[in-house]
Amino acid sequence: MRSLPSIIHLDMDAFFAAVEQAAKPSLRGKPVIVGGLGGRGVVSTASYEARRFGVHSAMPMAQARRLCPNAAFLSGRFEAYRQVSEIVMGLLRELSPLVQPLSLDEAFVDLEAGPYGPVLAEADHGTGERLVVALAEDLRADIQRRTGLTASVGAAGSKLMAKIASEQAKPDGLVLIEPGEERAVLGPMPVRALPGIGPATEQVLRRAGLNTVADLAEAGEAELVQLLGRSHGVGVHQMAIGLDDRPVVADQDAKSVSVEDTFEVDLADRERVLREVDVLAARCVRRLRAAGRSGRTVVLKVRRFDFSTLTRSETLRGPTDDEAVITETARRLASQVDITGGVRLLGVGVSQLADYTQEDLFAQAERTEAAAEQHPVPAGEENGPAAEEEAVARHWMPGQDVHHDEFGPGWVQGSGVGRVTVRFETPWSGPGRVRTFAVDDPALEPARPLPLHRDAGRGEHGGAEVAEPGERRGREGGSGADPAGQDPAGQDPAGKG
DNA sequence: TCTGGGGTCCTAGGACCC
DNA sequence: TCTGGGGTCCTAGGACCC
């Protein structure tokens, strides 16, 4: 806990949907829903315009379509989201090297570890807080300028309270919670406001008559341990009384890599299941290798027709990134599960990751064994995946970036019955016109996402480069840096109102 | 209305070793 | 002959987060 609100939590507003609106001028101000578009998809992000219709994250897409039939329904463009995320994270790193990303659109920053740390440490209470507010408002303005997107920021003396504050700040706001005010702010909130308390824990607490954070604080640690178990109980009690000492820790290496697929129709037969396991294992290995890692434990995940989910795992003698080894292991695990009634989802994952890729003896032995042993892949099947990729490339996804030889850059608005509709516009154009083509029109091809600003592509890091320290300092004397004068707090720094 | 995909952390039992 | 306790690893499942 700190006496200065020097930990900030940044959260981009309706991130995926906001990126789509920034990239697609015709969607600005309109309901946009990003998520899985198949029969079993769910909403990933809804723009604020769509939220007014009751659409929210994790809602089945079918329900979202009923609630808001006129929204633009888009499948995600993760390459674009990653690009924008890198710009945002770069801006955060100008404030401090201690940046802890929680996802593409969220991160903690420890200001004390950065260039303003010494000033903050010296400053008296009021001056320190005004500096934090000024830095946070500058940050929000920089994000707006560089990406066109809005972000909400919470500042407080702990990660817990910074996160609570950014939640209160949404959308497009800043809330600072003064150290000392923790319990007053938390007390009236429902228990679900605490991170780590989900539906299950909420039920347990509700049955015990505990509904607000103040109830939790009053209940005491012993009762919470009784109800929730040692670890969770202690943690929840600490949060409830406003205590949180967790440090901001810079980006950590992933501990597992996994891929999974939900099928439009449940898989009924074993052979089909095994073929899908092969495809998933290959995808998993590709990701593992791209990350330069190898793993020891192979995990198979199966969700059955009735949504019951099980995992089976096997730990190898050493870490591997060998596709044959991982595939065979996953297949072995899959052949042991009961698939009666059908399989809704399959997943393949690897954990116990090693920091480096080693061509280990175990993998080599396994491979020669497998090669010597048996089944050459049937000729037809060998071409299967490649042929499938061709087909996927011609399967136009709503939202997807495309380029037309004559009309230039655009995005897929929809497709069906052999036709694809494209809207030709760019992040920096006005709203564009729509044209329709045959799905196999040779003049039309998939494209990479465009940067949100025309000039953002300059520089070797594609616009994500960090500005010179002097640049920021320079502004310090300017508008953003006169915290006393500008009173960004229309935002209620105490977070009380 | 029928529930995605990518992760993290925790618990608990059994094996195995000292 | 009966009875230990602790530590670590593996496996499975579940809660939770974005």
Side-chain angles (χ1 to χ4, degrees), chain A residues 9-17 33-46 54-67 75-76 78 81-82 85 100-108 159 163 166-167 191-205 225 228-236 239 246 249 251-264 266 280 283-284 287-288 291 296-317 333 336-337 344-353:
Chain A
H9 179 259
L10 173 115
D11 202 332
M12 301 293 292
D13 300 322
F15 184 54
F16 295 172
I33 298 171
V34 178
L37 301 181
R40 289 173 162 179
V42 301
V43 175
S44 183
T45 314
V55 179
H56 57 78
S57 297
M59 170 182 284
M61 196 57 86
Q63 189 183 357
R65 286 187 190 277
R66 280 191 299 273
L67 288 172
S75 69
F78 285 84
Y81 308 152
R82 217 166 282 119
S85 180
Q100 181 177 7
L102 301 178
S103 64
L104 287 179
D105 77 317
E106 228 185 280
F108 287 111
K159 289 165 102 174
K163 177 130 174 127
S166 74
E167 195 64 37
V191 296
R192 271 303 291 274
L194 296 179
I197 296 189
T201 307
E202 180 187 26
Q203 284 312 305
V204 170
L205 295 171
V225 167
L228 307 178
R230 183 90 227 151
S231 171
H232 204 195
V234 171
V236 166
M239 285 194 286
R246 294 170 301 162
V249 290
D251 224 350
Q252 292 152 323
D253 283 342
K255 296 185 171 161
S256 66
V257 171
S258 67
V259 299
E260 63 187 54
D261 251 344
T262 294
F263 305 102
E264 286 295 325
D266 292 351
L280 290 164
R283 263 167 56 196
C284 186
R287 293 249 314 275
L288 190 63
R296 251 190 94 206
T297 301
V298 178
V299 185
L300 178 83
K301 176 173 169 180
V302 178
R303 174 120 72 213
R304 290 189 273 230
F305 69 104
D306 61 355
F307 220 72
S308 63
T309 306
L310 59 82
T311 63
R312 292 292 179 267
S313 66
E314 186 177 325
T315 299
L316 309 171
R317 278 173 289 175
L333 294 167
Q336 291 160 12
V337 308
R344 177 190 179 92
L345 167 148
L346 285 172
V348 172
V350 177
S351 59
Q352 292 226 71
L353 301 188

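In what follows, every chain begins at residue 1, and chains take the letters A, B, ... in the order their sequences are listed.
For the pair A/Phe307 and B/dC2, the ring geometry does not qualify as stacking, because the centroid separation below 5.5 Å and plane angle under 30° are not jointly satisfied.
Residue-level contact check: A/Gln203 touches neither bases nor backbone, having no heavy atom under 4.0 Å from any strand. A/Leu102 comes within 4.0 angstrom of no nucleic acid atom, judged by non-hydrogen atoms across all strands. When heavy atoms are screened at a 4.0 angstrom cut-off, A/Leu310 is found touching the sugar-phosphate backbone but no base atom. A/Ala62 comes within contact range of no nucleotide atom at all, as no heavy-atom separation falls under 4.0 Å. Using a 4.0 Å heavy-atom criterion, one finds that A/Thr45 contacts no nucleic acid atom at all.
Ring geometry for A/Phe78 versus A/Phe16: interplanar angle over 60°, hence perpendicular rather than tilted (30 to 60°).
Which of C/dT11, B/dT11, B/dT1 sits closest to the side chain of A/Gln63 comes down to B/dT1. Among the nucleotides B/dG5, B/dG7, B/dG4, the one closest to any side-chain atom of A/Asp261 is B/dG5. In this structure, of B/dT11, B/dG6, C/dC10, it is C/dC10 that holds the atom nearest to the side chain of A/Gln352.
Counting only heavy atoms from C-beta outward, the side chains of A/Thr311 and A/Leu333 never approach each other to under 4.5 Å. Side-chain contact between A/His9 and A/Glu106 is present, with heavy atoms from C-beta onward closer than 4.5 Å.
Between C/dC18 and A/Lys163, a contact under 4.0 Å exists linking OP1 or OP2 to a side-chain N or O.
In this structure, the CD atom of A/Glu260 is 9 Å from the P atom of B/dG7, given to the nearest Å. For A/Gln252 and B/dG7, the CD to P distance is 15 Å, given to the nearest whole Å. Rounding to whole angstrom units, OH of residue A/Tyr81 and P of B/dG5 are separated by 16 Å.
In this structure, A/Glu264 contributes its side chain and A/Gly39 its backbone to a donor-acceptor pair below 3.5 Å.
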Worksheet, complete the sentence: 5' to 3', nucleotides 12-17 of chain B under a 4.0 Å protein heavy-atom cut-off (B base, S sugar-phosphate only, - none) gives ------
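When the C1' atom is compared between B/dG4 and C/dC16, the two are found 15 Å apart, to the nearest whole Å.
With sequence neighbours excluded, the residues that form a salt bridge (charged side-chain N to carboxylate O under 4.0 Å, His left out) with A/Lys301 are A/Glu260.
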